[in-house]
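Remember, it's 1-based here, ligands and their atoms both numbered in the order they're listed. These values consider heavy atoms only, across backbone and side chains, with no hydrogens, waters or symmetry-generated copies.
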Amino acid sequence: VARCPRLTKIRGPQIRNLLEAKDFILFDCDGVIWHGETAITGAAKVVSSLIRHGKNVVFVTNNCTRPRENYVHKFYRLGFTDVMLEQIFSSSYCSALYLRDVVKIRGQVFVMGCDGLRRELQGGGRPLRGGGGRDVKAVLVGHDDKLTFLKLAKASCYLRDPDCLFLATDNDPWHPLSGGRILPGSGSLTAALEVSSGRKATVIGKPSRFMFECISSQFSGVEPAQCLMIGDRLETDMLFGSNCGFDTMLTLTGVSQLEEAQEYRDSELAANHSLVPDYVVDSIADFLPAFEE
Ligand code: PLP
Ligand code: CA
């Protein structure tokens with residue numbers, strides 16, 4: 001078995017050296033920066049210190065339920081007072097860019113998702129409609145808290161047309177809530193439509209490289225070697241980082257455990273090695289000593 005020479009738990013001066021070597025720091029949000037409505041202790045200070053030290057900081061979240069404006073408010077509310085709209089790349093925003101700039105959609109998009117996703121699609125004066133009808137050229141599936149059987153049935157019908165695109169904001173299977181409960185993710189709805197249509201959705205969010213294309217189209221001179229992706233989920237964040245050629249860091253404040261990363265590392269399946277982080281920290285609060293003079 002070829003073992004990956006990675007998965008290094010780092011602290012203190014090693015974190016400092018790593019941060020000095022990187023110009024772009026990409027943060028996943030839930031499980032890294034906050035848990036739902038509670039900021040992770042020390043995270044706001046880490047983010048503002050990085051910005052003050054001249055780092056480009058961006059946030060890559062698979063949460064498609066809000067438009068970017070709402071994220072700016074959420075960051076502010078949780079004490080991240082220097083985060084701006086331009087730093088936020090959500091799966092809803094990137095889906096809007098994909099529809100507008102990549103497939104240049106004309107006609108309607110049938111959206112299975114929250115109002116926030118619909119608002120993001122309609123933002124910026126883009127001629128996108130979130131309804132359904134005879135002229136449906138794409139089905140976009142995301143987290144839908146008002147899911148009905150009728151919506152699934154309609155989407156399944158639209159997908160019978162091979163010219164109708166099948167897109168998913170993200171493919172996350174589930175999300176943790178407090179007290180050990182979970183919420184089914186967009187991936188569970190995508191799976192239902194994949195079965196009913198016999199088709200595979202194109203995923204916009206992590207681990208797809210498309211989110212990096214969105215970032216590099218808006219920040220000039222982003223080199224993968226200059227990027228560090230920090231996340232809490234191996235199957236989305238670490239795979240995204242390795243798909244993009246970044247160094248990756250797992251923080252243990254979220255979904256994935258160190259033991260799962262070790263299992264992927266020791267797996268005989270070479271594809272599993274792309275899910276293994278380069279570095280591991282207990283929390284991004286471990287960065288704080290790196291900013292002390
Ligand atoms: N989608 C939804 C609906 C969520 O509630 C969450 C996490 O709370 C996510 C996606 C994952 O977000 P992130 O990529 O920031 O971890
Ligand atoms: Ca996360």
Side-chain angles (χ1 to χ4, degrees), residues 25-40 43 47 57-68 70-72 74-75 77-78 80 83 87-95 111-120 140-147 167-191 201 203-212 214-215 228-241 243-244 246 248-257 260-261 275 277 280-284:
I25 314 292
L26 295 86
F27 284 105
D28 163 62
C29 291
D30 202 74
V32 174
I33 294 290
W34 55 55
H35 288 131
E37 283 298 312
T38 312
I40 293 207
V47 168
V57 173
V58 296
F59 300 91
V60 250
T61 176
N62 270 358
N63 192 328
C64 64
T65 61
R66 308 161 185 257
R68 287 203 296 172
N70 285 33
Y71 277 108
V72 178
K74 175 167 182 176
F75 272 107
R77 194 165 67 240
L78 298 190
F80 301 80
V83 173
Q87 291 168 277
I88 300 165
F89 292 83
S90 66
S91 57
S92 44
Y93 175 60
C94 295
S95 297
V111 181
M112 228 163 76
C114 294
D115 290 343
L117 173 59
R118 231 167 263 115
R119 283 210 300 283
E120 185 70 276
L140 173 63
V141 194
H143 181 90
D144 191 347
D145 57 355
K146 298 198 180 69
L147 175 71
L167 310 173
T169 57
D170 64 275
N171 218 3
D172 289 7
W174 53 272
H175 305 290
L177 295 175
S178 59
R181 293 166 305 143
I182 64 162
L183 208 59
S186 307
S188 59
L189 304 192
T190 307
V203 177
I204 305 293
K206 299 170 289 182
S208 156
R209 262 187 61 91
F210 181 66
M211 284 190 121
F212 179 52
C214 296
I215 295 167
L228 175 68
M229 173 67 205
I230 305 167
D232 71 310
R233 195 169 214 152
L234 302 169
E235 296 79 4
T236 51
D237 304 318
M238 299 304 108
L239 186 54
F240 170 68
N243 284 343
C244 298
F246 308 155
T248 54
M249 179 187 277
L250 177 72
T251 163
L252 297 172
T253 46
V255 168
S256 297
Q257 308 294 313
E260 296 165 56
L275 288 77
V280 183
V281 291
D282 287 321
S283 159
I284 61 166

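Summary: OD1 is the N/O/S atom of Asp232 found nearest to the Ca ion (ligand 2). Asp30 contributes atom O as its closest N/O/S atom to the Ca ion (ligand 2). The name of the N, O or S atom in Asp28 nearest to the Ca ion (ligand 2) is OD2.
Counting only heavy atoms from C-beta outward, the side chains of His143 and Thr169 never approach each other to under 4.5 Å.
Here the shortest heavy-atom pairing between Thr251 and Ile284 reads OG1-N, 3.9 Å. Nearest heavy-atom pair, Ala168 versus Thr190, reported as atom, atom and distance to 0.1 Å: CB-OG1, 3.7 Å. Between Glu120 and Ser90, the closest heavy-atom pair is OE2-OG, 4.3 Å. Of all heavy-atom pairs between Ser91 and Asn63, the closest is OG-C, 3.8 Å.
For ligand 1, the protein residues placed under 4.0 Å by at least one non-hydrogen atom are Asp28, Cys29, Asp30, Thr61, Asn62, Asn63, Thr65, His143, Asp172, His175, Lys206.
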Validation: residues 26-34 side-chain donor-acceptor distances under 3.5 Å, sequence neighbours left out:
unit_1, atom_1, unit_2, atom_2, d
Asp28, OD1, Lys206, NZ, 2.6
Asp30, OD1, Gly36, N, 3.0

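Note: Phe59 and Phe75 meet the aromatic proximity criterion, with ring centroids under 6.0 Å apart.
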